[in-house]
Amino acid sequence: MKIAVLALQGAFYEHEMILTELGADYMELRKKEDLSDSFDGLILPGGESTAQGKLLKELGMFEPLQEKIRGGLPVLATCAGLILLAEKSCNDERAWFQTLPVTVRRNAYGRQLGSFHAVQDFGSLSAVPMTFIRAPYIESVRKDVEILAKVDGNIVGVRYQNQLAISFHPELDSDRRIHRMFLKDICNT
Ligand code: GLN
């Protein structure tokens, strides 16, 4: 069982530390050749979705990764990662993998002062700490997307088949239940 962490930009290191803590093997995806190693799951970290999307394309990693996600590769996407997966954005004409049938709103809480903390239930998990940093939220979902969490009425966590996508940063809090949920329920370890 090995999880690949997209390590082009953003908060990938924190996810790697958590995988280590939970006893899961990981590798970094930094260049196209890394995609030829075998891995059983993928983490798309927070950061800047436009920078990440452009780098993925420039490095020739975009299509192969999109194929893998379409093919059922388990994915945990946080914040910018959610934007990369979304079918579309209501306030940005750019879209990337488009494997997750939701519409996101980028920087939905404002650009500068948009960072805050909340505690909310997440699917079967109760009182999960949620740190939001210039976060998107999900404006709307197709009906077969499972909504896992809302904060102030806005959708901040969903599951669709092999994809678990969230607006906030679980890697910045000490609660490991979302990573455990990913490893157990999505990666089936
Ligand atoms: N605002 C970033 C974007 O639109 C996401 C922020 C984050 O990942 N913390 O890509």
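Start at 1 and go down the list; that is how both ligands and their atoms are numbered. Owing to the predicted nature of the structure, the values given are computational and were not obtained by experimental measurement.
For ligand 1, the atoms lying closer than 4.0 Å to a non-hydrogen atom of G47 are 2 (C), 5 (C), 6 (C), 7 (C), 8 (O), 10 (O). Here is the list of ligand 1 atoms found below 4.0 Å of a heavy atom in I83: 3 (C), 4 (O), 10 (O). Listed by number with element, the atoms of ligand 1 under 4.0 Å from a non-hydrogen atom of N107 are 1 (N). For ligand 1, the atoms closer than 4.0 angstrom to any heavy atom of G46 are 8 (O). If you number the atoms of ligand 1 from 1 as listed, the ones under 4.0 Å from a heavy atom of S49 come out as 3 (C), 4 (O), 10 (O). Taking a cut-off of under 4.0 Å to the non-hydrogen atoms of R134, the atoms of ligand 1 that pass are 1 (N), 2 (C), 5 (C), 6 (C).
Counting only heavy atoms from C-beta outward, the side chains of N188 and K184 never approach each other to under 4.5 Å.
Among protein heavy atoms, the minimum distance from atom 7 (C) of ligand 1 is reached at C79 SG, 2.7 Å. Among all protein heavy atoms, the one lying closest to atom 3 (C) of ligand 1 is R106 NH2, 3.4 Å.
Between R106 and D92, at least one side-chain nitrogen of the basic residue sits less than 4.0 Å from a carboxylate oxygen of the acidic one, meeting the salt-bridge criterion.
Put simply, the residue from I3, N162, I69 that forms a side-chain contact (heavy atoms from CB on, under 4.5 Å) with L42 is I69.
Under a 3.5 Å cut-off, the side chain of E87 and the backbone N or O of V102 do not form any donor-acceptor pair. In terms of modelled atom types and a separation under 3.5 Å, the side chain of T189 and the main chain of L183 share a donor-acceptor contact.
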Practice item. Could you walk me through whether T99 and Q163 pass the side-chain hydrogen bond (donor to acceptor under 3.5 Å, both in side chains) test, one step at a time? Key: CA-CA 9 Å; T99 51; Q163 301 167 72; 2.8 Å; yes

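Donor-acceptor pairing under 3.5 Å is recorded for the side chains of N91 and S89.
For Q52, the heavy-atom gap to ligand 1 stays at 4.0 angstrom or more.
Checked by distance only, ligand 1 and H169 come closer than 3.5 Å through their nitrogen or oxygen atoms.
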